[in-house]
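The structure under discussion is supplied below as structure tokens; questions concerning it will follow.
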Number of protein chains: 2
Amino acid sequence: MQRPTIAQVAQRAGVSTATVSRVLSGRGPVSAGVQRKVRRAAEELGYQVDPIARALRNGRTDTVGMVVPSISNPFFTSLVESVEHALGREGKELFLCDARSDPEIEARRLATLVARNVDGIIVSPCHGTESGPAVQATADRLPLVQLDRFVGGTSTDWVGVDDIAAMRQVMDHLREGGARSAAFVGSLLTNSSTEQRFAGFRRRAEDLGMGVDPDHVLLGDYSVVWGETATARLLAAGDPPDAIVCADDLIALGVTRACRAHGVDVPGTVQVTGYDNIDFARLGEPALTTVDQPRERIAAEAVRLLAAAAAARDSAAGGRGPSAHVALLPTLVVRESTRAAAPASRS
Amino acid sequence: MQRPTIAQVAQRAGVSTATVSRVLSGRGPVSAGVQRKVRRAAEELGYQVDPIARALRNGRTDTVGMVVPSISNPFFTSLVESVEHALGREGKELFLCDARSDPEIEARRLATLVARNVDGIIVSPCHGTESGPAVQATADRLPLVQLDRFVGGTSTDWVGVDDIAAMRQVMDHLREGGARSAAFVGSLLTNSSTEQRFAGFRRRAEDLGMGVDPDHVLLGDYSVVWGETATARLLAAGDPPDAIVCADDLIALGVTRACRAHGVDVPGTVQVTGYDNIDFARLGEPALTTVDQPRERIAAEAVRLLAAAAAARDSAAGGRGPSAHVALLPTLVVRESTRAAAPASRS
DNA sequence: CGCCTCCATGTAATCGATTGCAGTGCGGTT
DNA sequence: AACCGCACTGCAATCGATTACATGGAGGCG
């Protein structure tokens, strides 16, 4: 028993395939009686359109591709959830790809998505420069929106948060807490996130007259292990800073863990901040002060931009207006890693 | 400039589309000279096969669908990574779906995958009974392998770990550590993982003569919050057990966190164990003793079974042999939540 | 020299859904 | 009564790749 085709439905209903298609898609005039017959036949056979045949004919797949640097980073998975949610509202599906933080794999994924004829692509480029050619080449062929991270040398829409503003909030908060010097632990400056966040960090530190020892800028990757390693180095060098600002929560979790292991009190001796507000942030010991990204809104905005780009492409050929850059304002979430804990949370 | 089709390549090379197809797919005899011409033409035009047209014609998509209960559970994302890796070796792609722990959404996802004509499906059913009909209906139409979790009333292949044996190891370890009573914190018994693990827990506890107070079996869901809630209840009731065995690491992280918040020493007063060995397990305070699942092997085995099922389907029609049940042996990873920490790790 | 074989290649059908165009029939208009 | 327009329906082309079958030509053998 193979899956029924439109032809079988047509035969059973005693009409042509054209009519069946018209009934099922709701396009074109069909008399009420025939509609009923067709619907019943379709129902009885359990007919479902074949998305492949439809895609071939229509040139649309109702599928959006998404490429993220790493599916094991909780921030990205929650972003994916939000995007999937937003797409669901438009009756579109998500095809998710993991770039494993490798621009080469990323380029292959993008090519695959183009080949698969997705309707649009949402990408968070893993590299600030090397991701450029592939992203641009892809954007030349399909509607594309960059999310969270972006890559230089491209002209595509982008949605994310204002990292500079976020860092201003973070630094002001640390200063209020009495910090007079700060360290920065991030990934290498090869992606826009660390780059922007570091720029925001440095600028505000200067404004506030907070010292930043060049040796207190440690760049590795987005991982707990790197946070631990960097902290060990910081502490080994002596003269630790009053605060450690991290480019994401994973790093911050590593930092707090290492502080604990070395007997350094957080926030008493050193304040620590993260970025992203992943679910695990509140599990740190102490719970992390971090920057919350409005994921739902980022996702919704990205989907909206994608739809707009697709529409523009259909009507005015090549009438690409200037690309949209939507920078949302993130929120600082204050927890124990920068403020004395509530009594009940002490161990 | 639209994407080139096989017809354009054919025209440029001065041959028919059939010949182009034969050259590019390597099937059928084509003279060396023509081969060169075709290859060059394809190269110059940047031709790439259209997977949609190919899928329509061949009835194969070279894509495998995967449905997991929750993409935000680190265990599943790492399982996904492993599966994607294994599939990549066979030149297949992965279409990932999140069921949001809802059998209804899960059923829709499965239906979508069938409609999309994937070559096979890997699913970790979110519910031990309600997932049944959809999984069985899907398995009737496509090769399907259940992974990690499984659902009753179905006859499909399955790959996972031997939860009973794992729990035996856990319990023996706790007993060695001096535990004479134990609590169990899991999700509701509506999925096979908790069910099996609880069964293994209870059986071995009996064997060892360890007491299990009925009030010390707490069932909620797979989340940190539930672990915290359950612990609060356990402690509030007084007379806490010597050990708390958790059905997964997220729960265990909640448990240890709550213990810390309530000033209960782990492992001094209470030993705690997790399950899955997610990356965050070692970040607990103290780091979690847990059961490591051999993800790579599970994934590889699942892919192998899927390929075998697909092959069987092609040749012998309906000759489905008995379904394979592959239970791999997991490993106990001992960390500080059941053993006194190394001096350096003390806070 | 004639016939047979086999290789290389082209022609056209096929997968399933959609849609432009054409045809049919009915009701209304002059 | 002849004609027009409209609503409904069917025919057949189309999307792009694959492949069964047909064809043409070259070479071998008697």
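Letters A, B, ... are given to chains in the order of the sequence lines, protein chains preceding strands, and every chain is numbered from 1.
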Checklist line | Of V15(B) and N58(B), the one whose closest DNA chain C nucleotide lies more 5' | finding: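 The residue mapped nearer the 5' terminus is V15(B).
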
Check: Roughly how many Å is it from CZ in R54(B) to C1' in dT19(D), rounded to a whole number?
Finding: 13 Å

Next item on the list: Grab the CG-P distance between L56(B) and dT14(C) for me, whole Å please.
Entry: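 Distance check: L56(B) CG to dT14(C) P gives 14 Å.
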
Next item on the list: Give S21(A) one of three labels, base, sugar-phosphate or nothing, depending on what nucleic acid heavy atoms sit under 4.0 Å from its own.
Entry: base

Notebook entry, point to check: Expressed in angstrom and rounded to an integer, what is the separation of Y47(B) atom OH from dG16(D) atom C1'?
Noted result: 7 Å

Check: How many Å lie between CD1 on I6(B) and C1' on dT19(D), as a whole number?
Finding: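 In whole Å, dT19(D) C1' lies 11 Å from I6(B) CD1.
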
Note to self: Quiz question: by atom type and distance under 3.5 Å, do the side chains of R149(A) and S124(A) form a donor-acceptor pair?
What the structure shows: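 Side-chain D/A pair, R149(A) to S124(A): absent.
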
Check: Between dA17(C) atom P and D62(A) atom CG, what is the distance in whole Å?
Finding: 15 Å

Note to self: Nearest whole Å is fine: how far is dA8(C) C1' from R27(B) CZ?
What the structure shows: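 About 18 Å, once rounded to whole Å.
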
Notebook entry, point to check: Rounded to whole angstrom units, what separation is found between the CG atom of L24(B) and the P atom of dG16(D)?
Noted result: 16 Å

Next item on the list: Considering just the side-chain nitrogens and oxygens of S31(B), establish if one lies under 4.0 Å of OP1 or OP2 belonging to dT9(C).
Entry: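 Checking dT9(C) against S31(B), a side-chain N or O does come within under 4.0 Å of OP1 or OP2.
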
Check: Is V20(A) touching bases, backbone alone, or none of the nucleic acid, heavy atoms closer than 4.0 Å?
Finding: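 Nothing, no nucleic acid heavy atom in range.
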
Next item on the list: Say whether, by atom type as modelled, one donor and one acceptor occur between the side chain of E84(B) and the main chain of L94(B) under 3.5 angstrom.
Entry: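 No.
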
Notebook entry, point to check: Is there a side-chain polar atom (N or O) of T19(B) under 4.0 Å from OP1 or OP2 of dG10(C)?
Noted result: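 Yes, such a contact exists.
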
Next item on the list: Return no unless some side-chain N or O of R57(B) is found under 4.0 Å from OP1 or OP2 of dG16(D).
Entry: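 R57(B) to dG16(D) OP1/OP2: no side-chain N or O under 4.0 Å.
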
Notebook entry, point to check: Between V151(A), T154(A), V123(A), which is the residue that forms a side-chain contact (heavy atoms from CB on, under 4.5 Å) with S131(A)?
Noted result: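 Among V151(A), T154(A), V123(A), the one that satisfies the side-chain contact (heavy atoms from CB on, under 4.5 Å) with S131(A) is V151(A).
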
Notebook entry, point to check: For the pair made of CG in N117(B) and P in dG16(C), what is the distance, rounded to whole Å?
Noted result: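 Result: 10 Å.
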
Margin query: Please tell me whether D119(B) and T61(B) have a donor and an acceptor in their side chains that are separated by less than 3.5 angstrom.
Written below: yes

Notebook entry, point to check: With a 4.5 Å heavy-atom cut-off, do T190(A) and T129(A) have their side chains touching?
Noted result: no

Next item on the list: Please state whether the phosphate of dG16(C), meaning OP1 or OP2, lies under 4.0 angstrom from any side-chain nitrogen or oxygen of T5(A).
Entry: no

